[in-house]
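A short worksheet on the structure shown next.
Since we're looking at a predicted model, the values are computed, not measured.
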Amino acid sequence: MSSTLISALGSLTNSNISMVMLLVKATLILLVAIGITLSMQRASAGARHLVWLVTVAALLLVPALTAWGPIPLRMLPAETSPVLAGAPASPAIFSLTAGDSKGKHVDLLSAPNATNSVSLPTTSIGRPSVFSVMGGISLLLLIWAAVLIAIAGSLAYAALVVRRIVNRARPLDTEDWLTPLWEVSDRLALDEPPRLLRSEDAKMPFACGLFQPTIVLPAECDGWSLDRRRAVLLHELAHVRRHDLVGHTMGRLACAVYWFHPLVWTAAKQLRSESERACDDLALSCGARATDYAEHLLDIVTSVRRDATPSVALAMARRKEFEGRMLAILDPELRHSSPSRRQSAALIGSLALISIVVGAAAPARRAHEATQGAVGSPLAQETQNPVEKGYPDSREIIGGSKTHTNMQTITRQTQQTATSVSERAVQSTSNDVATAITSAISSGVAVASVATSNALRDLLTKRDTQKAGKDSDERPILLARILANDPDLKLRRIAAWGLAEYADRQVATEALATALRRDSDPSVREMAAWALADANRSSTAVDALIASLRGDANIRVREISAWSLGNVGGRSSAVADALGAALSDANVGIRKRAAWALGNADLRQAPPALVAMLRDRDPEMRELAAWALYQIEDPASIPALDAALRSETDKNLQIAYIKALAAVGEKSVDALKGLLESKDPEIKSIAVRALAGGHATGPWPWPWPEPRPFPD
């Protein structure tokens with residue numbers, strides 16, 4: 001019985017140490033995240049969202065890292081216990097007492113000269129109770145588990161409510177909804193648009209579905225204008241594009257596990273808030289005007305008095321957080337651009353490295369600590385020559401090899417001699433936390449670097465394998481045969497749509513180019529022209545698209561051909577000439593797509609026809625021309641932009657011309673300095689920004705691209 005009690009006491013103390021270390025690590029990670037985000041107030045919301053996303057993921061991994069992956073550290077100082085230093089040889093450091101059947105106390109493990117003793121509680125029959133020792137910690141664990149189950153149950157119920165709403169909703173599959181859905185999906189580079197549903201049970205638009213993304217709109221959406229539909233779809237599909245539902249779910253799980261930690265709830269709240277702002281930024285960068293977008297959000301929020309959106313879904317807006325979002329949308333000083341892939345990778349990698357090192361760190365006793373005891377002590381005799389006794393030396397412990405096995409061996413030996421070092425370890429842990437964390441980060445860099453190198457090597461190997469598999473894929477050959485020979489036009493259209501995935505391969509490019517030139521059905525030629533937009537700088541694709549733009553009998557096919565020429569890439573003079581000629585086309589749709597394509601074609605000189613569009617009667621055509629000139633940055637366009645600025649009465653177009661002038665650089669100073677005397681504060685402000693630098697005026701939202709055609 002005595003050995004069972006000693007083991008229980010040792011396990012209880014070790015559990016206390018693990019729980020304290022777990023809370024310390026979680027708190028440290030949260031405090032680091034708060035500090036980082038406070039220093040990023042002027043950064044984009046997408047960057048701050050990444051910080052909170054990695055933080056929440058680290059919180060969920062900390063328990064596993066603490067239990068399975070300790071990194072031993074020189075954290076606990078060597079002890080000089082009076083018992084070990086001066087006492088003669090004794091079989092134990094403290095004594096345990098228990099009552100015998102006659103009520104007398106018998107010393108179980110005491111020594112004549114023992115100085116410390118621990119008396120454990122006894123049961124009604126006089127024997128020490130393991131449950132009385134562990135009762136307190138067991139009660140805490142029971143309370144924690146009960147609250148965890150309650151929170152998990154509420155999340156499960158919310159998921160069932162969402163599922164019921166989705167099952168009772170009807171799909172929005174009419175042309176007036178599919179067109180903006182495809183348009184926004186194409187702009188956000190979604191491979192497939194999500195399901196779009198209308199529900200009588202929903203009051204607020206929301207996104208749901210981890211594995212099958214779904215957008216649910218309220219019944220009031222029937223009366224929405226096209227601009228409002230685009231704004232709502234932009235925001236909700238941005239959640240799908242950014243995979244925010246995954247992060248939202250992780251935040252809910254973290255709150256369930258750490259329900260007692262207030263900073264975890266703060267982290268989950270900030271994660272959701274930053275995801276909403278990041279989606280707003282993405283919507284603005286896709287062409288939505290800040291004032292119009294904010295107005296749509298305001299109308300939707302004010303029209304809903306009581307939002308009953310389930311907690312597992314992402315509602316478009318909530319009253320409590322809307323004021324901050326509105327200010328962020330309308331603030332011209334804030335950055336609305338998303339972090340680049342390189343910036344995201346660097347941020348995620350740095351935070352993940354720190355989180356892994358902190359989560360895997362654990363205190364490790366110094367190997368020479370026990371040798372400071374008395375020579376005659378059994379504990380000192382066991383540890384004077386650790387190599388002979390089968391224990392690892394200090395280099396093995398610091399290096400982390402066989403750490404778990406050896407620590408178990410040492411624990412068993414110390415339990416047999418009934419030492420109390422675990423209790424003193426708790427005190428040392430609380431006093432040296434800061435030193436331990438610093439040491440953990442420095443000690444774990446090498447381990448994390450090796451792991452990162454291995455992961456990168458695995459990713460590269462996987463990428464090469466996937467590339468080799470794509471090159472040997474027979475699907476483009478089969479689809480090319482169907483496109484060339486099948487009599488069913490629907491099958492040919494589907495084949496052309498599928499070949500867009502392989503447009504960088506010669507067999508697909510040649511099949512699509514042939515179909516664009518020769519297929520008898522215009523819908524097949526339209527799909528072939530769209531698919532060729534992904535044929536990266538292919539001369540075969542460029543020649544076929546130019547021929548289609550100039551000579552195809554179908555207007556829709558020519559529109560798509562102009563759009564694809566702006567995406568296929570390259571600075572070919574033939575592309576510039578063909579698109580410049582299309583600016584004089586009688587069809588306004590062809591002219592608009594040609595202007596957009598010129599701005600997206602990476603040219604260095606603006607075609608004269610594009611500069612002449614600054615005098616077009618259509619305001620949208622003039623704005624497209626200004627955007628294209630902003631992209632091309634041709635100094636030769638300065639006189640035309642200056643003349644257009646002086647004669648323009650539309651304020652939005654004036655700002656567009658100023659941005660185009662700013663992009664040119666120092667040669668546009670003469671055209672801009674006169675605006676410094678403008679009585680309009682906004683015009684004066686944008687002029688000052690233009691003089692400060694080409695990008696100081698802020699990003700120019702990309703005009704709407706051509707919606708991706710989907711097969712019927």
Side-chain angles (χ1 to χ4, degrees), residues 45 49 158 161-162 165-166 168-172 174 176-185 187-188 193-209 213-242 244-245 248 269 272-331 334 336 701 704:
H49 176 266
V161 173
V162 170
I165 292 175
V166 170
R168 296 176 57 181
R170 68 173 180 84
L172 292 172
T174 57
D176 57 338
W177 276 108
L178 289 180
T179 297
L181 176 64
W182 290 345
E183 183 178 347
V184 176
S185 299
R187 176 64 189 93
L188 295 175
R195 289 191 302 171
L196 188 61
L197 304 177
R198 175 190 180 277
S199 173
E200 297 285 349
D201 302 321
K203 300 299 181 183
M204 178 76 67
F206 65 85
C208 60
T214 303
I215 307 300
V216 179
L217 303 179
E220 291 77 8
C221 69
D222 295 338
W224 288 353
S225 64
L226 179 59
D227 289 340
R228 177 160 299 183
R229 294 180 182 185
R230 282 176 173 171
V232 172
L233 291 176
L234 260 175
H235 182 88
E236 297 303 328
L237 266 66
H239 281 305
V240 177
R241 176 68 176 83
R242 290 168 35 82
D244 284 335
L245 286 166
H248 182 64
K269 180 181 179 181
R272 171 182 166 74
S273 177
E274 297 298 351
S275 71
E276 295 295 336
R277 294 190 181 188
C279 289
D280 293 338
D281 292 345
L282 190 55
L284 295 177
S285 65
C286 286
R289 294 188 184 277
T291 53
D292 296 341
Y293 182 76
E295 182 180 357
H296 292 315
L297 283 180
L298 181 61
D299 290 344
I300 292 174
V301 170
T302 55
S303 64
V304 179
R305 294 185 178 180
R306 180 175 298 178
D307 181 21
T309 303
S311 59
V312 296
L314 285 173
M316 184 173 181
R318 299 182 187 272
R319 285 179 176 266
K320 294 182 179 179
E321 62 187 25
F322 185 69
E323 182 180 356
R325 287 178 59 188
M326 182 72 72
L327 294 176
I329 292 170
L330 299 177
D331 189 354
L334 291 180
H336 297 294
W704 291 106

Do [X] and [Y] have side chains that get closer than 4.5 Å, going by heavy atoms?
{"X": "Pro205", "Y": "Leu217", "answer": "yes"}
{"X": "Leu297", "Y": "Ile329", "answer": "yes"}
{"X": "Glu276", "Y": "Met316", "answer": "no"}
{"X": "Leu226", "Y": "Thr179", "answer": "no"}
{"X": "Trp224", "Y": "Pro218", "answer": "yes"}

If you look at every heavy atom in [X] and [Y], which pair is closest and at what distance?
{"X": "Leu314", "Y": "His239", "value": "CD1-ND1, 3.7 Å"}
{"X": "Val301", "Y": "Met204", "value": "CA-CE, 4.5 Å"}
{"X": "Pro193", "Y": "Ser185", "value": "CB-OG, 3.3 Å"}
{"X": "Arg272", "Y": "Ala315", "value": "NH2-O, 3.6 Å"}
{"X": "Tyr293", "Y": "Ala231", "value": "CE1-O, 3.8 Å"}

**Asked** Taking only residues two or more places apart in sequence, or in another chain, which ones meet Glu236 in a salt bridge (charged side-chain N to carboxylate O under 4.0 Å, His left out)?
**Response** none

**Request:** Kindly indicate, with the supporting measurements, whether the criterion side-chain contact (heavy atoms from CB on, under 4.5 Å) is fulfilled by Val216 and Val166.
**Result:** CA-CA 7 Å; Val216 179; Val166 170; 4.2 Å; yes

**Message:** Tell me every residue that passes ring pair (Phe, Tyr, Trp, His ring centres under 6.0 Å) with His248, counting only those two or more places apart in sequence or in another chain.
**Reply:**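 Expected list: none.
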
**Message:** For His296, give me all partners under ring pair (Phe, Tyr, Trp, His ring centres under 6.0 Å), at least two apart in sequence or on another chain.
**Reply:**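 Here no residue qualifies.
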
**Message:** If the condition is side chain to side chain donor-acceptor pair (under 3.5 Å), which residues does Asp227 pass it with, not counting sequence neighbours?
**Reply:**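 Testing Asp227 for side chain to side chain donor-acceptor pair (under 3.5 Å), a comparison that skips the adjacent residues, returns none.
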
**Message:** Could you measure the distance from the NE2 atom of His235 to the CD1 atom of Ile300? Nearest 0.5 Å is fine.
**Reply:**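 Output value for this atom pair is 9.5 Å.
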
**Gap separating the CE atom of Met326 from the CG atom of Asp280, nearest 0.5 angstrom** =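 Reported to 0.5 Å precision, the distance equals 9.5 Å.
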
**Request:** Look at the side chain of Arg241 and the backbone N and O of Leu188, then say whether any donor-acceptor pair between them is shorter than 3.5 Å.
**Result:**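 Yes: the side chain of Arg241 pairs with the backbone of Leu188.
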
**Request:** Return the set of residues passing side-chain contact (heavy atoms from CB on, under 4.5 Å) with Ala313 (not counting sequence neighbours), or none when no residue passes.
**Result:**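 Val162, Phe206, Cys208, Thr309.
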
**Message:** Tell me every residue that passes side-chain contact (heavy atoms from CB on, under 4.5 Å) with Arg198, counting only those two or more places apart in sequence or in another chain.
**Reply:**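 Checked Arg198 against side-chain contact (heavy atoms from CB on, under 4.5 Å); matches are Arg170, Leu172, Glu200, Ala219, Cys221, Asp222.
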
**Request:** Can you spot which of Leu237, Val240, Leu245 makes a side chain to side chain contact (heavy atoms under 4.5 Å, CB included) with Pro213?
**Result:** Val240

**Request:** Check the pair Ser199, Arg168 against side-chain contact (heavy atoms from CB on, under 4.5 Å), reporting the backbone distance first and the verdict last.
**Result:** CA-CA 7 Å; Ser199 173; Arg168 296 176 57 181; 5.9 Å; no

